[in-house]
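No hydrogens, no waters, no symmetry mates; every other heavy atom, side chains included, goes into these values. Note that the numbering runs from 1 along the sequence shown for the chain.
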Amino acid sequence: MSRQILEIRLHLPDGQVLAGRGRNVPATMEHIYNQALNPQPRRHVRFTEPLKAGPDRYRGTYHVQFGYHTGHSDILDGVVRAEVIGPE
């Protein structure tokens, strides 16, 4: 059984909404966010809240941050509200 394609919306602090679809939620979030920031350095996602367990762990609304790694610390952008919607 393959993973379902989920709809992902990122609500940025400036009011802009970025959207995309994918099976791998963290990778899709990074792709959407990095495309909007092009040509700046690639950012990685960090979940600020614990995720649920199980196959539906990414579905719902929660907060994430994007940043890039420098040595042993992370430099992070502002908090982004993420919505993940899947087929019922």
Novice: Could you go through the side-chain contact (heavy atoms from CB on, under 4.5 Å) check for Val80 and Met29 one step at a time?
Specialist: CA-CA 11 Å; Val80 174; Met29 286 181 176; over 6 Å; no
Novice: How many angstroms lie between CZ in Arg21 and CG in Leu6, if you round to the nearest 0.5 Å?
Specialist: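 One gets 9.0 Å once the value is rounded to the nearest 0.5 Å.
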Novice: Could you verify whether a donor N or O on one side chain and an acceptor N or O on the other, from Gln4 and Arg59, lie under 3.5 Å apart?
Specialist: yes
Novice: Nearest 0.5 Å, what's the OH-NE2 distance between Tyr33 and His44?
Specialist: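 Atom-to-atom, Tyr33:OH and His44:NE2 are 12.5 Å apart.
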Novice: First locate atom CG of Leu51, then atom CZ of Arg57, and finally report the distance between them rounded to the nearest 0.5 Å.
Specialist: 7.5 Å
Novice: Please evaluate residues Val25 and Ile8 with respect to the criterion side-chain contact (heavy atoms from CB on, under 4.5 Å), reporting the C-alpha separation (whole Å), side-chain torsions for both, the decisive distance (0.1 Å), and the verdict.
Specialist: CA-CA 8 Å; Val25 173; Ile8 299 165; 4.2 Å; yes
Novice: To the nearest 0.5 Å, what is the distance between CG on Asp77 and CZ on Arg46?
Specialist: 11.5 Å
Novice: For the pair Tyr58 and Phe47, name the ring-plane relationship: parallel under 30°, tilted 30 to 60°, perpendicular over 60°.
Specialist: tilted
Novice: Nearest 0.5 Å please: distance from the CZ atom of Phe66 over to the CD atom of Glu30.
Specialist: 7.0 Å
Novice: Would a distance-only check, ignoring hydrogens and angles, find a side-chain to backbone donor-acceptor pair under 3.5 Å from Thr61 to Glu83?
Specialist: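 Here the side-chain-to-backbone pair does not exist.
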Novice: Between Val64 and Ala82, which heavy-atom pair has the shortest distance, and what is it?
Specialist: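 In this case the closest contact between Val64 and Ala82 is CG2-CB, 4.3 Å.
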Novice: Counting distance only, does the side-chain N/O of Asn34 pair as donor-acceptor with the main-chain N or O of Arg43 below 3.5 Å?
Specialist: yes
Novice: Would you find more than 12 non-hydrogen atoms of other residues, nucleotides or ligands less than 6.0 Å from His11 atom NE2?
Specialist: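 Counting neighbours around NE2 of His11, more than 12 heavy atoms of other residues, nucleotides or ligands fall under 6.0 Å, so yes.
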Novice: Quick one: pull up OH in Tyr68 and CG in Leu76 and give me the separation to the nearest 0.5 Å.
Specialist: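 It comes to 10.0 Å.
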Novice: The test is side-chain contact (heavy atoms from CB on, under 4.5 Å); show your working for Arg9 and Leu18 and say whether it passes.
Specialist: CA-CA 6 Å; Arg9 292 189 197 120; Leu18 308 174; over 6 Å; no
Novice: Of all the heavy-atom pairs spanning Ile32 and Ala19, show the shortest one and how long it is.
Specialist: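 The pair with the smallest heavy-atom distance is CD1-C, 3.8 Å.
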Novice: For side-chain contact (heavy atoms from CB on, under 4.5 Å), just list the numbers for Glu7 and Val84, CA-CA rounded to whole Å, side-chain angles, deciding distance to a tenth of an Å, and then say yes or no.
Specialist: CA-CA 6 Å; Glu7 179 75 28; Val84 180; over 6 Å; no
